[in-house]
Amino acid sequence: MQFLMLVTTFVALEATTKRLEMFSLLSDLFQAAGADEIDKIIYISQGHLRPPFYPLTSGPHVVGMSEKYLLRAIAKSAGLDPKEAERRYREMGDIGSAAKYYAELTADTRPAPDGLSVTEVYDTIDKIAALHGEGSVEEKIDATGRLFGAVSPIESQYIARFMAGKLRLGVGDATVLEALALKMEDRAHRAALERAYHMTSDLGGVARTLYGRGLVGVQGVGVCVGLPIRPALCERLSSAEEIIEKMGLCAVEIKYDGFRCQVHKGKEEVAIFSRNQERITPMFPEIADAMTRLFPNDEIILEGEALSFDETTGALRPFQETLQRKRKHDVTAAKASYPLKYFVFDCLYLNGTDYTPYGYAKRRSVLLKQIPQDPVIEVAEVIETDNARALADFFDRSVERGFEGIVAKKLGGPYTAGVRNFNWVKLKRSYRSAPSDSMDLCIVGYDAGRGSRAVFGIGTVLAAVYDPAGDRFKTVSKIGTGFSEDELARLKALLDADAVAERPAHVDSTYTPHVWVYPRYVISALADEITRSSHHTAGADAQGIGYALRFPRVRGFIREDKGAYDATTVDEIVTLYRRQRKIDTV
DNA sequence: GTGGGCTATAAGC
DNA sequence: TTCTGACTGATTCGG
DNA sequence: CCGAATCAGTCAGAAGCTTATAGCCCAC
C-alpha cells in the first residue's frame with residue numbers, strides 16, 4: 001500500500017468526530033491492506049512502531065523524537081531557522097501542520113516525491129528510531145529532514161505527527177478493534193478481537209493473526225505467560241454510600257501509591273511488566289528473586305503494587321521516593337537504599353488455568369493459598385463488606401495511615417482486562433476534600449495550547465501563591481486541566497488585557513511562560529498532594545527546592561471576589577505540605 | 001579525556 | 001493521574 | 001405508539017509534576 005493512501009484515510013478520519021464513520025473509514029483501509037503490512041498500519045495508527053513489551057533487540061517502540069528535534073528537522077529540510085519554525089508551531093499548535101506548511105513553502109525547490117509505500121516509510125522511521133550513540137541526535141534530525149524531502153507535504157504532516165506520537169485522529173485501540181470487526185462484516189466479532197488484544201497487549205499482532213489464520217485463530221488466543229495482560233482499571237466514586245449502592249457486597253483493598261506491576265513466572269524465567277506493558281524486569285530484581293524462591297515449579301501471573309519502604313522505620317515511602325527505583329543503572333545500589341515490597345492483589349493465571357474469567361473471591365482464595373509469608377511479596381490488606389459505614393471506616397483508617405485511599409472490588413466480578421468499569425472502584429482521599437481544601441492561585445502567565453487547544457491560543461496558566469514576607473508571587477504549578485472550552489476563550493481575552501512583555505518585578509519564576517500576565521486574576525485549584533519541587537519557586541529553600549502540586553486542576557472559574565493579594569500564601573502551602581501524613585509502617 | 005551542567009525525551013503516577 | 005467533549009445506544013417521557 | 005428528550009457509558013485527547021537517561025557542550 002502506498003503511504004499516501006494511508007494518509008488519505010487519516011485526512012478523512014480527522015475530518016469527522018462521528019465514531020460510526022471512523023469505523024467505516026478504517027475498515028475500508030484495512031480491507032485494502034495486505035497481510036504483510038496490516039500490523040505496521042495499526043502500529044502507526046497508534047503512534048508506535050511495535051508493542052512496548054517487545055524485547056529490546058527488536059528496536060524501540062517509540063521514535064524518540066519529539067517537538068524540538070522535529071522542529072529542527074523541519075527547519076533543516078526547509079532551510080530556515082528553527083526559531084522561526086518554533087514560532088509557527090506555537091501558533092498552529094500542531095507539529096504536523098508546521099511540517100506541512102514549510103513543505104508547501106519549499107515544494108517547488110524539491111524533486112517530485114517518490115511515492116513511498118507504507119513499509120518503506122515505516123522502515124525508514126524505524127531505522128531513525130534505532131539510531132543511538134555519539135552524533136545520533138544530528139543523524140536523526142538529518143535523516144528525518146531527508147524523509148520530509150522525499151514525500152509530499154501532506155505526507156510529511158502525518159509523518160511528523162506520528163514521530164511525535166501525536167497523530168490526533170481520534171483513533172485509539174478500541175476504534176481499531178471495532179474497525180477490524182467491521183472488516184469481518186460483523187461488529188459482534190469485536191468481542192473476540194478485544195479478548196485476544198487484552199490477553200496479548202498486541203493490537204498489530206491480533207490483526208496479524210486475523211489476516212493469517214482468520215477469526216478462528218483470533219478466538220484461539222488466550223493467556224500466555226510472558227505476554228502482558230492489559231491491566232484492569234478502576235472507575236471512580238466519591239463516597240462509601242455510592243460504592244455500596246452500586247456494588248453491594250465487595251472486597252475493599254488499600255490503595256497503595258507505587259508502581260503497578262504484573263509479574264509472570266514462567267517455567268524458567270520471570271518477567272515484570274509495567275501498567276503500560278513495558279518490560280521492567282531489571283528494575284526489581286528482588287521481585288524476580290522472590291518469585292523463583294516462592295514458585296520454583298509453578299507458572300503463575302500475579303498483579304500488585306511495588307513500593308519502596310524505609311528499612312529502619314519500616315514506613316512505606318511516598319511515590320516520589322519509590323520513583324528512584326525506576327532506573328536502568330545502579331540498580332544494586334538503589335535496591336539497598338530503596339528496598340521494595342510487592343503488595344499482590346490478584347492472581348490471573350496458575351499452571352494452565354486462566355483465572356481472569358473467575359470471580360474476585362475465587363481469585364483471592366487462589367492468591368491466599370499460593371502466597372506464604374515472605375519479606376518481599378505480601379498479599380494486599382483487604383476487608384469484605386456490604387456496609388457503607390464499615391467501608392467508610394476502613395477508608396478513614398487507610399487515609400489516617402497515609403495511604404492514597406481504597407479500591408472496592410465486586411466479589412463476583414471477573415478480571416476485566418484492559419477495561420475501566422464498576423467491577424473495581426477507587427475512592428481516593430482527594431475525592432472527598434471539602435471546598436475549603438482548594439487553593440486560590442494567582443495567574444502570572446500562560447502558554448499557548450496544543451492540538452485541540454490551539455484554537456484558543458491558551459492551554460495552560462502559570463499559577464502562583466503569595467508571599468507576604470517579601471511581597472512576591474511565587475509559582476506553584478501550571479494548570480490546564482479543568483477549564484471548559486468556553487472558559488478558556490474568556491480567560492484568554494481577560495489575560496491578554498493584562499499581558500506584559502517582561503516578568504513582573506514581584507513575580508518569582510524559573511519557568512518562562514509564552515506570555516507573562518500581571519498578577520490580578522485568582523482561580524481555585526484542587527490537587528491530590530503537595531510535593532517538593534526543583535521547578536517551582538513557592539517556598540524555595542537555599543537549594544532552590546520549592547513546592548508544587550500533584551495532579552493540579554481548576555475548580556470553577558476566576559474568583560470574582562478575590563484579588564491577587566487574597567491568593568493562598570506560601571505559608572499555607574507549607575502547612576498543607578506538613579499536614580500530609582507519613583505512611584504507616586508495614 | 002573526564003566530569004558537570006544543560007536540553008530533550010520518555011515514562012511513572 | 002484529572003478533566004472535558006463528542007458520540008452512541010438504551011431508556012424514559014409526553015402527546 | 002412513536003418520536004423526542006434524557007442519561008449513562010465509551011472513547012479520545014487535552015492538561016499536570018517528577019525522575020531517570022541519553023547525548024551534547026564546554027571547562028578543566
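Numbers restart at 1 for each chain; the letters A, B, ... are given by sequence-line order, proteins then strands.
Between A/Gly449 and A/Leu131, the one whose closest nucleotide on DNA chain D sits nearer the 5' end is A/Gly449. When the nearest nucleotides of DNA chain C are assigned to A/Thr17 and A/Arg275 by heavy-atom distance, the more 5′-ward of the two goes with A/Arg275. Of the residues near DNA chain C, A/Ser484 and A/Asp528, the one whose nearest nucleotide (by heavy atom distance) lies more toward the 5' end is A/Asp528.
A salt bridge links A/Arg450 to A/Glu67: one of the charged nitrogens lies within less than 4.0 Å of a carboxylate oxygen. A salt bridge does not link A/Glu305 to A/Lys255: none of the charged nitrogens lies less than 4.0 Å from a carboxylate oxygen. Ion pairing between a basic and an acidic side chain is recognised when a charged N comes within 4.0 Å of a carboxylate O; A/Glu253 and A/Lys409 show such pairing. Salt-bridge formation is not detected for the pair A/Glu86/A/Lys83: no Lys NZ or Arg NE/NH1/NH2 atom is positioned less than 4.0 Å from an Asp or Glu carboxylate oxygen. Ion pairing of A/Glu278 with A/Lys326 is absent here, as no side-chain N (NZ or NE/NH1/NH2) approaches a carboxylate O to less than 4.0 Å. Using a 4.0 Å cut-off between a side-chain N of Lys or Arg and a carboxylate O of Asp or Glu, A/Glu138 and A/Arg72 qualify as a salt bridge. Ion pair A/Asp528/A/Arg550 not flagged as a salt bridge, since none of the NZ, NE, NH1 or NH2 atoms sits closer than 4.0 Å to an Asp/Glu carboxylate oxygen.
If you check every strand for non-hydrogen atoms under 4.0 Å, A/Gly165 touches nothing. Among the protein residues, A/Lys328 comes within range of the sugar-phosphate backbone only, with heavy atoms under 4.0 Å from sugar or phosphate atoms but none that close to a base. Residue contacts shown for A/Arg187 are limited to sugar-phosphate atoms, with no base heavy atom under 4.0 Å away. Within the 4.0 angstrom heavy-atom criterion, no nucleotide atom of any strand lies near A/Lys140.
Counting to the nearest Å, the P atom of B/dT9 and the NE2 atom of A/His48 are 16 Å from each other. Between the C1' atom of B/dG12 and the CZ atom of A/Phe273 lies a distance of 17 Å, rounded to the nearest Å. Distance A/Ile280 CD1 to B/dC13 C1': 13 Å, rounded to the nearest Å. Computed from coordinates, the A/Phe456 CZ to D/dA14 P distance equals 11 Å when rounded to whole Å. If you measure from atom CZ of A/Phe162 to atom P of D/dG13, you get 14 Å, rounded to the nearest angstrom. Nucleotide B/dC13 holds its P atom 9 Å from the CZ atom of A/Arg260, rounded to whole Å. A straight line from CD of A/Glu67 to P of D/dA15 spans 10 Å, rounded to a whole angstrom. Per the geometry, CD belonging to A/Glu305 stands 11 Å off C1' belonging to B/dG12, to the nearest Å.
For A/His61 and B/dA10, the shortest distance from a side-chain N or O to OP1 or OP2 is not below 4.0 Å.
If you walk DNA chain C from 5' to 3' and mark each nucleotide with an atom closer than 4.0 Å to a heavy atom of chain A, the marks span C/dT1 to C/dG9.
The number of heavy atoms from other shown groups lying within 6.0 Å of CD (A/Glu245) does not exceed 12.
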Between the protein and nucleotides 16-19 of chain D, are there any N/O to N/O pairs under 3.5 Å, and if so, what are the atom names and distances?
unit_1, atom_1, unit_2, atom_2, d
D/dG16, OP1, A/Thr460, OG1, 2.8
D/dG16, O3', A/Lys478, O, 3.1
D/dC17, OP1, A/Lys478, N, 2.8
D/dC17, OP1, A/His536, NE2, 2.9
D/dT18, OP1, A/Thr531, OG1, 3.4
D/dT18, OP1, A/Arg532, O, 2.9
D/dT18, OP1, A/Ser533, OG, 3.2
D/dT18, OP2, A/Ser533, OG, 3.2

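Donor-acceptor pairing under 3.5 Å is lacking for the side chains of A/Asp126 and A/Tyr43. A donor-acceptor pair shorter than 3.5 Å cannot be found between the side chains of A/Tyr256 and A/Lys341.
Interatomic distance, CZ of A/Phe53 versus CG of A/Asp202, reported as 4.5 Å (0.5 Å rounding).
Within the 6.0 Å centre-distance limit, the rings of A/His264 and A/Phe273 are counted as a close aromatic pair.
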Which letter, B, S or -, goes with each nucleotide of nucleotides 4-12 of chain D from 5' to 3', with contact meaning a protein heavy atom under 4.0 Å? -----S-SS
